[in-house]
Every structure is written in structure tokens, then in C-alpha cells.
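Heads up, the thing below is written out as C-alpha cells.
Because the structure is a prediction, the values reported are computed rather than measured.
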Amino acid sequence: MPDSGYPWPIETSRLDNGLRVVVSEDRTAPAVAVNLWYDVGSRHEPAGQTGFAHLFEHLMFEGSVNVAKTEHMKLIQGSGGSLNATTNPDRTNYFETVPAEHLELALWLEADRMGGLVPALTQETLDNQREVVKNERRQRYENVPYGDAWLRLLPLLYPPGHPYHHATIGSMADLNAADLATFQAFHRTYYAPNNAVLTVVGDAQAAEVFALADKYFGALPARDDIPPAPDGRNVPATGQPATETVTADVPAPRVYVAHRGHPFGSPGYDVLTVLATVLGSGRGSRLYQRLADGERIAQPDLVGAYGVDLAHAPAPLIATATARPGVTAERLAEGLAEVVDELATVPVTAAELDRAKALLSTAWWRQMSTVDGRADTLGRYATQFGDPARAAERLPAWLAVTAEQIAETAAEVLGAADRVTLTYLPEETA
């Protein structure tokens, strides 16, 4: 398996209005992926406007100047393509994969809603999608066992006023309070060509893509006064562990242990990525071997660890386990903390390191195996680090991590004095 993280060509251009265009040609199959990253996520939301970035993900499918409501989806799917969008604290992205002959259609659709959503946005559309998002909050976070864990962990990890303090889904109060003019202003502020990266990967020549991008996006005006997100890079250590216990309608006790680590894309985050894989990925991980298979205090399918790849502040590393019948939350939390603490004192073995790197290599090449996976990756690196070619650094960086670096980073980041512990208790045991 090659170590180079991105062995395909990459060409870039920038339109006069600031839109960055990234192209990676691949003639393997007659398909293209179009991916548009906007540098706006929940970290940009002012107080009282939480959930706006995510709501716009919905509104962008509800019609624009030249495209009627629901027509965007119908046109892409009717052309044999697929599409979707996602929002996270750092960004919002929109993407389509279509047969190569429909590249121009996809670019026209994206340009029309970048420049033409506000004139087409109505109060009825806003109210409708506001209710959709509120229902999504209920279904994904509020009415699912353990569903609000992320909503609870963020305020424990980041202080009030920090851009990662609130979740992307936003609050019901903010979603209810916002009026049409406020949403229109949000779109005008952030949905500008100089705040976006357009990436096309697949069966298309760079010159063709650059010409089409200029044809459809080139007349859209730049925005000169896009406000930066609040600076969240420095999160003062409190020296005090933060804990929260929730009694809820859950089937068994569950414990989350979380720490602030390093931002995604930094050398420290690369070490934490390998560390998290050693700690909590699959049956060979330390958490599984100790808590599920050894002491048998955690349910086998509900134990693990992972990093959250946020790029503009110390990103979370989270370990979690759910208790087997008869095991108390206190015993589970104790066992979970023991395994996390031992990363600093019990050296990672060569076998553990090789396994983790093999898992990460497989995951990376699975992402790179599709044109849409590559388009999203190149869009990320262009948006967050200014250079799509930096994607090639990621896999080699993981493969270079040593056991000594893992122990040093664990001692630096995973200390009990600055730990967040979130515990869920079933109602009947309260």
C-alpha cells in the first residue's frame, strides 16, 4: 500500500471574485464529484443565532432565483447523480456526484443558490425548514437514549463565549426567535465566493472546470467584510475536573470521558489520532480488551474512543463505555479512567502501533477510493489550511507516530485534573 497520501494530480485557480477552484482529474470512470465548502459553521454564529449555519444547509435546497423549490434535488437525481450537505462547527459543505456530462448542470445549480437564495427566500420557506430542524433536534438529540451527550459535552469542554461551546443544531429558543431579515443577512454575510472553495474531482480537465467556474460563479460579487469567527485557540486549563450526571430514560449506565487535545491538522492531533485508535478502535483496542473482554464490565459493541476533527481550537478526544447488566456507573467510570490514564505509563507495543496504523491506512484509502471522498478532502485542506495538496501529509504523519510520542501526548493532554466526565444513569436506579 503506498504511503503517499494523495497520488493524483491537483490543479488550482482563483477567480477574480475570490472563489478558489480545485481540480483533480481522474479518468478512471465517467463521473465527477462537485464539492463546495463554505467557511461558515456554528463557530461563526453570534450569540442568539445558534443553529443558523445548519438551518441554511436546509434552506439551500429550498429554491433560488432560477431553481424552484425541490428542483435542485430533482435535477441532480434525474441526471443519475446523488447529493447531500453537512454542517459542523467549522464549515458547511454541499456536494454532488454526477455523470461527467452533467458537470455543467451541477456547477450552475451551485452558483445559482450561492448568489440567488436570498431573493427567493420566503417567510413560508423559513418557517417550514425551521420546523424541520426543530424536529431533527428532537429526533436526533432529545428523544434518543444518550442523544444529548454532545450537547452536554461541549459546554463542559469549552467555556461560555468559546466558538465550540454550543452544538451545530442550535437552541430551540434561537431558532424560534430569528426573523426572515436576520437569516437573509446571515446568507449575504457568509455565502460569498471569496468565502468558499469549489472542488471538482473526476472525469474533467482542469481547464474545462476553470472556464465553467468562471462562467457560472465569476459574476457573483465578493464580500469584503466577512467577520472572522471568534478566536478559540487558547482554552485556559481550569485544573479542575468537570463532571455531570444525568438521570434519563436510558437502558444502562454509560460514561463519557473527554479531554481537549490539539487542533485537527496539527502534529499533536496526528499523535492523538493514532492514540485514539490504540485506545478505542475495534476488538484489539485497549478499551475493548480490558473493559469488554477482560473485566467484562462494558458491553462489547458500546465501548470505544475517537477524536473529533475540529481545526480551530483544541479538539476533543472522547472515550466511552456502556455498562453490562449489574455493573454500576461508578465501577465503569473507574475502569474507563484507568485505561485512559495508562496510556501515559504503559508503553504502546509495536503490535498495537502496527494495528492502529493499519486501521488508519485502510480508513484513509477508503476515503480516497471515491471521487466524492477525494473532493471533500481537498476542499477541507484548501479551506482550513490554504492548500489542498496538504492532504498528502496526513497519512505519512500518522505512519510516523511513535510509541514515545503517544506516551508524551497522553501525559500532556489526558490528565485527570482537566478531565470531563459525563455519566448517564437509568431512571430506575436513581
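When atom types are taken as modelled, the side chain of Lys69 and the backbone of Gly63 share no donor-acceptor pair closer than 3.5 angstrom. The closest donor-acceptor contact from the side chain of Asp112 to the backbone of Asn66 lies under 3.5 Å. Not a single donor-acceptor pair under 3.5 Å links the side chain of Thr92 to the backbone N or O of Gly41. Under the 3.5 Å distance criterion, the side-chain polar atoms of Ser64 are left unmatched by any main-chain donor or acceptor of Met60. Counting only distance, with no hydrogens or angles, the side chain of His166 and the backbone of Ser42 share a donor-acceptor pair below 3.5 Å. In this structure a side-chain-to-backbone donor-acceptor pair under 3.5 Å is missing from Asn194 to Ala222. The main-chain N or O of Thr87 is found under 3.5 Å from a side-chain atom of Glu57 such that the two form a donor-acceptor pair. Judged purely by atom type and a 3.5 angstrom limit, Thr409 has no side-chain atom pairing as donor or acceptor with the backbone of Leu272. Using a distance-only test at 3.5 Å, with no hydrogens or angles considered, no donor-acceptor pair links the side chain of Thr125 to the main chain of Leu121. Not one N or O on the side chain of Asn35 forms a donor-acceptor pair closer than 3.5 Å with the backbone of Phe95.
Note that CD1 of Ile318 is 4.0 Å distant from OH of Tyr306, once rounded to the nearest 0.5 Å. Taken from CG in Leu109 to CD in Glu104, the straight-line distance is 11.0 Å, to the nearest 0.5 Å. Taking CD from Glu110 and CG from Leu107, the interatomic distance works out to 8.0 Å, rounded to the nearest 0.5 Å. Atom-to-atom distance recorded for Ile406:CD1 and Leu353:CG is 5.0 Å, nearest 0.5 angstrom. Considering OG1 of Thr273 and CG of Asp309, their distance stands at 8.0 Å, rounded to 0.5 Å.
What you find for Asp90 and Tyr164 is that their closest heavy atoms are OD1-OH, 2.5 Å. Minimum heavy-atom separation, Val200 to Leu103: CG1-CD1, 4.0 Å. Across every non-hydrogen atom of Ala375 and Thr199, the tightest pair is O-CG2, 3.6 Å. Residues Ala416 and Pro241 come closest through the heavy atom pair O-CB, 3.6 Å. Residues His44 and Ala229 approach most closely at CD2-CB, 3.6 Å, considering heavy atoms. Looking at every heavy atom in both residues, Gly202 comes nearest to Val32 through C-CG1, 4.0 Å.
By the 6.0 Å contact criterion, CG on Asp224 is open, its count of non-hydrogen atoms from other residues, nucleotides or ligands being 12 or less. When the shell of 6.0 Å around CD of Glu131 is examined, it contains more than 12 heavy atoms from other residues, nucleotides or ligands. Around the CG atom of Asn128, the shell of radius 6.0 Å holds more than 12 heavy atoms that belong to other residues, nucleotides or ligands.
By the ring-ring contact (aromatic ring centres under 6.0 Å, His included) test, Phe210 pairs with no residue at all, sequence neighbours left out. Residues that satisfy the ring-ring contact (aromatic ring centres under 6.0 Å, His included) test with Tyr256, not counting sequence neighbours, are absent from this structure. For Val246, the side chain to side chain contact (heavy atoms under 4.5 Å, CB included) partners at least two apart in sequence or on another chain are Arg152, Glu244, Ala248, Leu422, Tyr424. Shown here are the side chain to side chain contact (heavy atoms under 4.5 Å, CB included) partners of Asp418, two or more places apart in sequence or in another chain: Ala237, Thr238, Arg260. Contacts of Tyr288 classified as ring-ring contact (aromatic ring centres under 6.0 Å, His included), with partners at least two apart in sequence or in another chain: none.
Classification of Arg130 and Asp127 as a salt-bridged pair holds, one side-chain N sitting under 4.0 Å from a carboxylate O.
Side chains of Gln139 and Asn135: a donor-acceptor N/O pair is absent below 3.5 angstrom, by distance only. Judged by distance alone, the side chains of Arg91 and Thr86 do bring a donor and an acceptor atom under 3.5 Å apart. Looking at His102 and Glu96, their side chains never bring a donor and an acceptor atom within 3.5 Å of each other. Side-chain N/O atoms of Asp179 and Thr182 include a donor and acceptor closer than 3.5 Å. There is no side-chain donor-acceptor pair under 3.5 Å between Tyr94 and Arg113. For the 3.5 Å distance criterion, the side chains of Thr377 and Gln367 qualify, holding a donor opposite an acceptor. In the model, Trp37 has no side-chain atom that pairs as donor or acceptor with a side-chain atom of Asp39 under 3.5 Å.
Using a 4.5 Å heavy-atom threshold, the side chains of Thr12 and Pro388 count as touching. Two residues are said to be in side-chain contact when any heavy atoms from C-beta on lie closer than 4.5 Å; Val413 and Leu317 fail this criterion.
Classification of the Tyr269-Phe264 ring pair by plane angle, with boundaries at 30° and 60°, yields perpendicular. Ring geometry for His162 versus Tyr158: interplanar angle under 30°, hence parallel rather than tilted (30 to 60°).
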Practice prompt. Using the side-chain contact (heavy atoms from CB on, under 4.5 Å) rule, take Leu151 and Ile169 through it: C-alpha gap first, then chi angles, then the decisive distance, then the call.
Written response: CA-CA 9 Å; Leu151 306 185; Ile169 193 67; 3.8 Å; yes
Item to complete: Would you check, one step at a time, whether the test side-chain contact (heavy atoms from CB on, under 4.5 Å) holds for Met368 with Tyr6?
Response: CA-CA 8 Å; Met368 294 297 102; Tyr6 195 89; 3.7 Å; yes
Discussion item. Working note: Arg419 + Asp341, criterion side-chain contact (heavy atoms from CB on, under 4.5 Å); need CA distance, chi angles, decisive distance, verdict.
Written reply: CA-CA 11 Å; Arg419 177 170 294 162; Asp341 290 340; 2.6 Å; yes
Worksheet item: Going through the distances and angles, do Glu352 and Arg355 end up as a salt bridge (charged side-chain N to carboxylate O under 4.0 Å, His left out)?
Response: CA-CA 5 Å; Glu352 286 181 308; Arg355 174 184 175 275; over 6 Å; no
Discussion item. Apply side-chain contact (heavy atoms from CB on, under 4.5 Å) to residues Val98 and Leu105 and explain how you reach the verdict.
Written reply: CA-CA 9 Å; Val98 295; Leu105 170 66; over 6 Å; no
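Pairs passing the salt bridge (charged side-chain N to carboxylate O under 4.0 Å, His left out) check and including a residue from residues 313-322, sequence neighbours excluded, do not occur.
Taking the six-membered ring wherever Trp is involved, the centroid distance between the rings of Tyr191 and Phe56 falls below 6.0 Å.
For the pair Arg374 and Trp8, the distance from NZ or CZ to the six-membered ring centre is under 6.0 Å and the angle to the ring normal is within 45 degrees.
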